[in-house]
Amino acid sequence: MLKLKIGTYLVSVLFLVVACSSKTTTKNENSTQGVYKKVSPEFNQDSAYRYIDNQVGFGYRVPNSPEHVACGDYLVAQLKHFGAEVIEQKAEVKAYDGTVLNMRNIIGSYNVDQAERILLFAHWDTRPFADRDGNPENHRKPILGANDGASGIGVLLEIARQIQLKTPALGIDIIFFDAEDYGTPAFDDDTDNSQNWWCLGSQYWSKNPHTPNYKARYGILLDMVGAPSATFYKEQYSDVYATDVVRKIWGTAYSLGYGKYFINKKGGAIIDDHVPVIENRNIPCANIVQFDPNSSLGFGWYWHTMNDDMKNINRETLKAVGQTVMEIIYKEK
Ligand SMILES: [Zn+2]
């Protein structure tokens with residue numbers, strides 16, 4: 001994904017608004033911490049960890065590679081194994097450099113007859129370029145994407161397993177989007193960037209949904225949700241276009257005792273898979289994405305480098321994110 005720079009003026013105005021509102025929210029949330037009664041089943045962080053490790057075990061999951069095909073087959077089989085009705089959406093999409101990518105979105109649905117639905121999504125492809133690596137010789141090599149790719153999928157697979165054991169009231173669609181991370185590399189400055197070369201799978205699906213006129217009450221995107229001591233700030237597109245969903249997520253996390261991960265402050269404005277879904281399907285979507293206000297790029301130090309491997313995956317972080325999302329879907333009526 002890509003972090004956008006927002007004008008300083010806009011940021012400071014937004015910051016003032018958040019600074020004012022965060023005081024009241026914190027007060028309200030304080031009064032509920034400790035007395036909150038969880039309704040969702042226990043999210044198992046060891047399972048989520050294993051599903052991440054399994055994906056990384058395939059190697060680089062870059063579109064058009066045999067590893068990508070093998071991992072896609074694994075994800076389809078897992079969703080079926082967990083009782084989802086699975087639809088595969090295959091298409092050819094064009095990358096920033098003209099490469100034609102064999103894209104494969106994987107959709108697992110539960111309670112298909114239920115009109116009221118929640119959409120959960122993450123990307124499963126990995127970036128073909130370690131273009132942020134400290135060593136320039138690595139810039140054209142692919143990344144393993146343990147956190148950037150596999151982590152969101154691992155959490156969603158564990159949620160799928162839990163849904164099979166106990167059905168929530170609403171219909172749930174889980175989408176593993178492809179070709180999110182094939183965006184223009186930092187070393188290429190000749191590219192026409194008048195269009196968004198990131199998020200090609202979600203761009204395609206949002207214009208060609210797996211069921212006609214697909215609607216959901218709201219959507220939640222998970223991206224880079226596995227790092228040790230990760231912090232999740234309120235991503236700005238989410239906060240503007242899915243204000244209630246953001247409030248629900250951060251409030252629920254706090255009630256569950258995960259306030260150290262879910263920071264009640266505004267983060268960056270990030271082009272990610274939620275943006276096409278908001279734009280083209282008009283579904284309010286919130287992005288739970290790692291954000292570090294102290295790093296120059298906003299993401300972890302290993303982001304888009306050769307170091308995005310299993311060392312950066314932490315079970316407690318997976319638990320905080322997975323349990324929060326599960327609590328939200330099981331509370332919904
Ligand atoms: Zn990425």
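Counting convention: from 1, in listed order, for ligands and their atoms alike.
Looking only at its N/O/S atoms, Asp181 has OD2 as the one nearest to the Zn ion (ligand 1).
Around the CD atom of Glu137, the shell of radius 6.0 Å holds no more than 12 heavy atoms that belong to other residues, nucleotides or ligands.
Counting backbone and side-chain atoms alike, Asp148 contributes an N/O/S atom closer than 2.8 Å to the Zn ion (ligand 1). When distances to the Zn ion (ligand 1) are checked against a cut-off of 2.8 Å, His123 contributes no N, O or S atom below that limit.
A salt bridge links Lys248 with Glu332; the closest basic N to acidic carboxylate O contact falls under 4.0 Å.
In this structure, Asn213 has no side chain to side chain contact (heavy atoms under 4.5 Å, CB included) partners at least two apart in sequence or on a different chain. Listed by chain and residue number, Trp205, His210 satisfy the ring-ring contact (aromatic ring centres under 6.0 Å, His included) test with Tyr214 (two or more places apart in sequence, or in another chain).
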